[in-house]
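Written below as structure tokens is the structure these notes are about.
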2 protein chains.
Amino acid sequence: MQKQNFLTKNQQIVLDLVEKSSEPLKAYTILFNVQKKGIKAPLQVYRALDKLVEIGKIHKIESRNAFIACHNSSCQVAKATAFSICEICEKVTEISSAGLSKYLANFKDKDGMKYSKYNLEFFGLCKKCR
Amino acid sequence: MQKQNFLTKNQQIVLDLVEKSSEPLKAYTILFNVQKKGIKAPLQVYRALDKLVEIGKIHKIESRNAFIACHNSSCQVAKATAFSICEICEKVTEISSAGLSKYLANFKDKDGMKYSKYNLEFFGLCKKCR
DNA sequence: AATTAATTGTTATAATATAACATTATGTAA
DNA sequence: TTACATAATGTTATATTATAACAATTAATT
Ligand SMILES: [Zn+2]
Ligand SMILES: [Zn+2]
Ligand SMILES: [Zn+2]
Ligand SMILES: [Zn+2]
């Protein structure tokens with residue numbers, strides 16, 4: 001069997017919900033909202049989320065245990081992500097900055113080691129909350 | 001009452017353990033290891049961890065739900081952290097790069113917004129695992 | 001059709017984290 | 001030094017997040 005090239009039913013249901021949302025969704029919030037579509041158990045949600053993260057359709061906001069659809073067309077790598085997070089209203093925005101991604105992709109640590117995968121979360125106050 | 005300037009007993013016990021460890025520790029691993037010192041409940045550990053993170057003595061590795069002592073003398077801000085994480089052996093290293101921290105501290109998003117707080121986690125393979 | 005791999009469904013449970021409230025310790029100020 | 005306010009603690013219970021294990025089904029490959 002070759003690598004799946006499309007979304008399965010559960011994956012599509014979860015993705016539709018996450019894409020419709022203006023804010024990051026938590027796994028159990030997703031579960032609650034897709035129960036009418038026949039997804040009954042946490043594991044069904046987590047499996048769909050795992051795959052969607054793997055193929056870069058969504059990202060996990062690690063500091064919030066929540067998931068957001070990718071809104072960065074240049075985010076092909078899917079493994080190099082950057083977000084800003086408002087500490088008051090919890091608004092999360094995916095940052096797409098060619099400069100930033102270039103800088104981080106080329107960053108070398110003390111041992112000269114490069115890392116193609118990274119996750120960066122900026123914290124501060126959004127426009128509305130300042 | 002003024003802001004506490006020293007560590008309380010529980011905070012010191014937890015910090016001692018985290019500082020002795022060569023790898024990030026999870027909250028319940030910490031709990032298990034400090035029970036002989038009289039800390040009996042998860043909440044006691046989480047409260048100590050919260051304070052230690054707040055004052056910058058330790059950092060949370062968000063993608064791993066684990067805590068590591070600060071090994072970055074220039075990490076005064078305590079809110080601007082960067083780590084490399086080996087995806088095989090899970091070795092975590094705090095990155096102290098003046099260039100990186102300067103770049104990120106000065107980074108502006110599309111709206112010209114700056115963020116003084118951030119957490120960056122790089123993923124890859126450490127020397128030993130390559 | 002037989003084989004293989006991926007996905008699904010299901011139940012149970014593990015791992016991570018916080019709520020709520022009573023108590024004790026400690027700093028501040030009259 | 002006594003009253004007050006604040007911070008930390010102890011304790012029990014519970015909430016939240018995530019995975020183990022296994023049987024059943026679906027779909028591509030030969
Ligand atoms: Zn993206
Ligand atoms: Zn905001
Ligand atoms: Zn540090
Ligand atoms: Zn390694």
Do the side chains of A:Arg64 and A:Glu90 get close enough for a salt bridge, i.e. N-O under 4.0 angstrom?
yes
For atom CG of A:Leu7 and atom P of C:dT8, their distance in whole Å:
10 Å
Tell me the side chain to side chain donor-acceptor pair (under 3.5 Å) pairs involving residues 31-41 of chain A, sequence neighbours left out?
none
Short side-chain donor-acceptor distance under 3.5 Å, A:Glu121 and A:Ser63:
yes
Tell me the interatomic distance from A:Gln11, atom CD, to D:dA27, atom C1', rounded to whole angstroms.
14 Å
From CG of B:Leu49 across to P of C:dT16 the rounded distance in Å is 12 Å
Does the side chain of A:Asp109 pick up a donor-acceptor pair with the side chain of B:Ser84 at under 3.5 Å?
no
Between C:dA6 atom C1' and A:Phe6 atom CZ, what is the distance in whole Å?
9 Å
Short side-chain to backbone donor-acceptor contact, A:Glu19 and A:Asp16, under 3.5 Å:
no
Using a cut-off of less than 4.0 Å, is there contact between a side-chain N or O of A:Thr8 and OP1 or OP2 of C:dT8?
yes
Rounded distance (Å) that lies between atom C1' of C:dT16 and atom CD1 of B:Ile30:
12 Å
Protein-to-nucleotide contact annotation, 5' to 3' order, nucleotides 10-20 of chain D [B base; S sugar-phosphate only; - none; under 4.0 Å, heavy atom]
BBB----BBBB
Is the side chain of A:Ser21 donor-acceptor paired with the backbone N or O of A:Val18 at a distance under 3.5 Å, no angle test?
no
